[in-house]
Engineer: 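Okay, here's the structure, questions in a sec.
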Amino acid sequence: MFKGLVGLVTGGASGLGRATVEQLLKQGGRVVICDLPSSPGQETAKQLKENVAFVPIDVTSEKDVKNALQTTVDKFGRLDVVVNCAGVATATRVYNFKKEQPFDLKSFQRTIEVNLIGTFNVIRLAAGLIGKNAPDADGQRGVIINTASVAAFDGQIGQAAYSASKAGVVGMTLPIARDLAKQGIRVVTIAPGLFRTPMMEMLPEPAIKSLEATVPFPPRLGHPSEFALLVQSIIQNPMLNGETIRLDGSLRMQP
Ligand SMILES: NC(=O)C1=CN([C@@H]2O[C@H](COP(=O)(O)OP(=O)(O)OC[C@H]3O[C@@H](n4cnc5c(N)ncnc54)[C@H](O)[C@@H]3O)[C@@H](O)[C@H]2O)C=CC1
Ligand SMILES: C[C@]12CCC(=O)C=C1CC[C@@H]1[C@@H]2C(=O)C[C@@]2(C)[C@H]1CC[C@]2(O)C(=O)C=O
């Protein structure tokens, strides 16, 4: 099933995105890594060697995403699966009473711009290309997988912008799945809990240890490969559609 499959992974140079790229390649797929020009995307593609290409993009740019889709067609001839992993984490309270300072509006806007609008930008532009595929026996033409967060449901102190952006991704999953149903394109979102990636490693190790203790089972950070396994499973299971799946060891984030 994965032999010859063409995937495009945003945020594919790091963390959950990179693990997804590796898993798709391992299964016999071909992959376009899309990530910021400043990311290690070029080196990643070089390390992974075959059946992979890197296109530097900002997911919020129409021009960049169109260019990535064109490169996908030029290099691999088609597009079957999009995995949206590009994202940024921010932590600021709505008002800092010590400094008498409200949340910086530009920072709020940028978080929404990347995590929510960037994800939507990629979906809206990729859908047309996936829609050109011939349907399989089930009528399916492709799959779009997004990354939200458990913060969409249990947002913590300081996560107003991040939670709002991820709740937006959860909220648009069903309507977009409905929009694309007639073309046989499925849309599924993963809401990860806590995973050991460069984003998480911004936190000091003692903070990571105490976060791990809050995960009921298994009481540890998830491995990026476990996220990639769910991506594979979503691709393989045609009945998964219009849903957000928590991948969190039954974690419920505390305030
Ligand atoms: N690590 C974790 O525990 C969790 C992560 N997530 C989400 O999973 C996704 C992946 O996160 P990680 O792999 O942990 O982080 P990461 O920081 O390792 O990877 C994120 C990637 O997105 C790229 N990126 C950021 N802004 C971009 C833009 N405007 N255009 C293109 N690429 C951009 C970065 O360059 C980076 O390579 C993010 O959406 C994050 O919010 C959600 C819940 C938990
Ligand atoms: C942004 C956070 C919190 C503040 C900080 O000093 C460092 C961070 C980097 C890792 C982030 C932190 C956060 O707010 C929660 C998330 C975004 C964390 C990575 C995963 C995270 O726990 C999440 O998405 C939860 O759903």
Side-chain angles (χ1 to χ4, degrees), residues 8-23 32-45 54-69 82-91 107 109-123 125-126 145-156 159 161-170 173 189-203 207-208 211-212 214-215 218 220-228 230-231 244-249 251-253:
L8 181 153
V9 182
T10 74
S14 178
L16 305 182
R18 176 169 177 154
T20 300
V21 170
E22 289 176 7
Q23 186 69 15
V32 176
I33 299 173
C34 293
D35 208 310
L36 290 172
S38 57
S39 75
Q42 196 62 59
E43 295 92 289
T44 308
F54 170 62
V55 186
I57 70 161
D58 183 325
V59 289
T60 65
S61 155
E62 174 168 321
K63 186 167 144 266
D64 286 5
V65 175
K66 280 184 169 168
N67 177 47
L69 293 169
V82 168
V83 186
N84 281 304
C85 286
V88 289
T90 46
S107 151
Q109 283 165 338
R110 184 65 190 159
T111 307
I112 301 288
E113 184 82 21
V114 175
N115 293 356
L116 174 58
I117 301 177
T119 299
F120 182 74
N121 191 35
V122 175
I123 296 174
L125 296 169
I145 300 170
N146 306 312
T147 310
S149 162
V150 294
F153 309 102
D154 341 313
Q156 296 185 292
Q159 286 185 343
Y162 187 72
S163 295
S165 70
K166 295 300 189 177
V169 174
V170 172
T173 300
T189 294
I190 302 174
L194 304 169
F195 279 73
R196 190 170 282 278
T197 68
M199 180 186 277
M200 183 61 82
E201 277 161 357
M202 291 193 297
L203 293 171
I208 293 181
L211 276 175
E212 286 182 317
T214 65
V215 186
R220 60 166 172 81
L221 301 185
H223 303 302
S225 61
E226 292 164 335
F227 174 90
L230 181 55
V231 168
T244 297
I245 304 169
R246 286 181 75 127
L247 185 67
D248 63 4
L251 167 71
R252 297 297 176 268
M253 304 275 275

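For ligands, and for the atoms within them, numbers begin at 1 and follow the listed sequence.
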Engineer: With atoms numbered from 1 as shown, which atoms in ligand 1 lie under 4.0 angstrom from a non-hydrogen atom of Met200?
Structural biologist: 3 (O)

Engineer: Looking only at heavy atoms, what is the nearest atom pair of Ala191 and Val150, with distance?
Structural biologist: O-CG1, 3.8 Å

Engineer: Is any N or O atom of Ala13, backbone or side chain, closer than 3.5 Å to an N or O atom of ligand 1?
Structural biologist: no

Engineer: Hey, is Lys166 one of the residues with a heavy atom under 4.0 angstrom from ligand 1?
Structural biologist: yes

Engineer: Could you check Val114 against Thr60 for side-chain contact (heavy atoms from CB on, under 4.5 Å), going step by step and ending with a plain yes or no?
Structural biologist: CA-CA 6 Å; Val114 175; Thr60 65; 4.3 Å; yes

Engineer: Backbone N or O of Leu221 within a donor-acceptor pair of the Glu212 side chain at under 3.5 Å?
Structural biologist: yes

Engineer: Using distance alone, with no hydrogens and no angle criterion, decide if Thr90 and Thr111 have a side-chain donor and acceptor under 3.5 Å apart.
Structural biologist: yes

Engineer: Give the single entry among Asn115, Leu203, Thr119, Asp35 that approaches atom 36 (C) of ligand 1 most closely by any heavy atom.
Structural biologist: Asp35

Engineer: Identify the two heavy atoms, one from Ser14 and one from Asp35, that lie closest to each other, and give their separation to 0.1 Å.
Structural biologist: N-OD2, 4.3 Å

Engineer: Side chain or backbone, does Asp58 bring an N or O within less than 3.5 Å of an N or O on ligand 1?
Structural biologist: yes

Engineer: For ligand 1, note which part of Ala148 has a heavy atom under 4.0 Å away: side chain, backbone, both or neither.
Structural biologist: backbone

Engineer: Quick one: closest heavy-atom pair of Leu8 and Thr10, and the distance?
Structural biologist: CD2-CG2, 3.9 Å

Engineer: Side chain or backbone, does Val59 bring an N or O within less than 3.5 Å of an N or O on ligand 1?
Structural biologist: yes

Engineer: Which ligand 1 atoms, with their elements, are less than 4.0 angstrom from a heavy-atom of Phe195?
Structural biologist: 1 (N), 2 (C), 3 (O)

Engineer: In plain terms, say whether Glu43 and Arg18 are close enough for a salt bridge, that is, a side-chain N and a carboxylate O under 4.0 Å apart.
Structural biologist: no

Engineer: Thr147 heavy atoms, cut-off 4.0 Å: which ligand 1 atoms fall inside?
Structural biologist: 7 (C), 8 (O), 9 (C)

Engineer: Using a 4.0 Å cut-off to any heavy atom of Leu194, which atoms of ligand 1 qualify?
Structural biologist: 3 (O)

Engineer: Give the numbers and elements of all ligand 1 atoms closer than 4.0 Å to a heavy atom of Ile57.
Structural biologist: 30 (N), 31 (C)

Engineer: Can you tell which of Gly193, Ser14, Ala19 gets a heavy atom nearest to atom 18 (O) of ligand 1?
Structural biologist: Ser14

Engineer: Return yes if some donor-acceptor pair links the side-chain N/O of Lys166 with the main-chain N/O of Thr147 below 3.5 Å, else return no.
Structural biologist: yes

Engineer: Would one find an N or O of Val114, backbone or side chain, under 3.5 Å from an N or O of ligand 1?
Structural biologist: no

Engineer: Heavy atoms only: which of Pro192, Gly41, Gly222, Cys85 is nearest to atom 10 (C) of ligand 1?
Structural biologist: Cys85

Engineer: Would you say Thr197 and ligand 1 have an N/O pair spaced under 3.5 Å apart?
Structural biologist: yes

Engineer: Within the structure, is a non-hydrogen atom of Cys34 found at a distance of less than 4.0 Å from ligand 1?
Structural biologist: no

Engineer: Of the choices Leu36, Val65, Val9, which has the non-hydrogen atom that lies closest to atom 27 (C) of ligand 1?
Structural biologist: Leu36

Engineer: For ligand 1, which atoms have a heavy atom of Pro198 less than 4.0 angstrom away?
Structural biologist: 18 (O)

Engineer: Please work out which of Gly15, Gly87, Ser149 has its closest non-hydrogen atom nearest to atom 20 (C) of ligand 1.
Structural biologist: Gly87

Engineer: So if I count the atoms of ligand 1 from 1 in the order they appear, which ones are less than 4.0 Å from some heavy atom of Tyr162?
Structural biologist: 6 (N), 7 (C), 40 (C), 41 (O), 42 (C), 43 (C)

Engineer: In plain terms, say whether Arg110 and Asp58 are close enough for a salt bridge, that is, a side-chain N and a carboxylate O under 4.0 Å apart.
Structural biologist: yes

Engineer: Of all heavy-atom pairs between Gly87 and Asn115, which one has the smallest distance, and what is that distance?
Structural biologist: CA-OD1, 3.2 Å

Engineer: On a heavy-atom basis, which atom in Gly249 and which in Pro218 lie closest, and how many Å separate them?
Structural biologist: CA-CD, 4.3 Å

Engineer: How long is the straight-line distance from SG of Cys34 back to CG of Asn84, given to the nearest 0.5 Å?
Structural biologist: 9.5 Å

Engineer: When you measure from the side chain of Asn146 to the backbone N and O of Thr189, does any donor-acceptor pair fall under 3.5 Å?
Structural biologist: no

Engineer: Could you see which bit of Met199 sits under 4.0 Å from ligand 1, with heavy atoms only: side chain, backbone, both or neither?
Structural biologist: both

